[in-house]
Amino acid sequence: MSDNVINLTPALLRRIINEERQILDEKRARAKKKARAAGKSPSGIPADISKTAKQTREVPAKDLASTVPEAVAHYKKLKETAARLAQQLSEINEASQELRAQILEQL
């Protein structure tokens, strides 16, 4: 079994790291080539930005104007709900503590 032991020297470690780096670089180069062939940049962004810009549609500001007040109203409702649930949880914890105390007294 000791015949299979290899000492990991700094030189051997550098060689292993360089081999792995070459493998990763080759994979990265293949991925870039494949992305360019598909018409995308390596980051996944379309290569032809002007074509993408033409495909987007503009939304008038008046259509978005109502979303902010709706979001604020929803946020307020959620805060009220959270406060109500916190109060209920507090009541439940108090009742639980009282029951625990009663049980311990009976033991």
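Grouping Ile, Leu, Val, Met, Phe, Trp and Tyr by side-chain contacts under 4.5 Å, direct or through others, leaves Tyr75 on its own.
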Could you give the side-chain donor-acceptor pairs of residues 15-28 under 3.5 Å, partners two or more places apart or in another chain?
from  : atom 1 : to    : atom 2 : distance (Å)
Arg15 : NE     : Glu19 : OE2    : 3.4
Asn18 : OD1    : Arg21 : NH1    : 3.4
Asn18 : ND2    : Arg14 : O      : 3.3
Asp25 : OD1    : Arg28 : NH1    : 3.2

Show the atom names and distances, to 0.1 Å, of all donor-acceptor pairs under 3.5 Å that link a side chain in residues 81-102 to residues at least two apart or in another chain.
from  : atom 1 : to    : atom 2 : distance (Å)
Thr81 : OG1    : Lys77 : O      : 2.9
Gln87 : NE2    : Glu91 : OE2    : 3.2
Asn93 : ND2    : Leu89 : O      : 3.4

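Every side chain to side chain contact (heavy atoms under 4.5 Å, CB included) that Pro60 has, sequence neighbours left out, goes to Lys62, Asp63.
For Ile6, the CD1 atom sits in a loose shell: 12 or fewer heavy atoms of surrounding residues, nucleotides or ligands are nearer than 6.0 Å.
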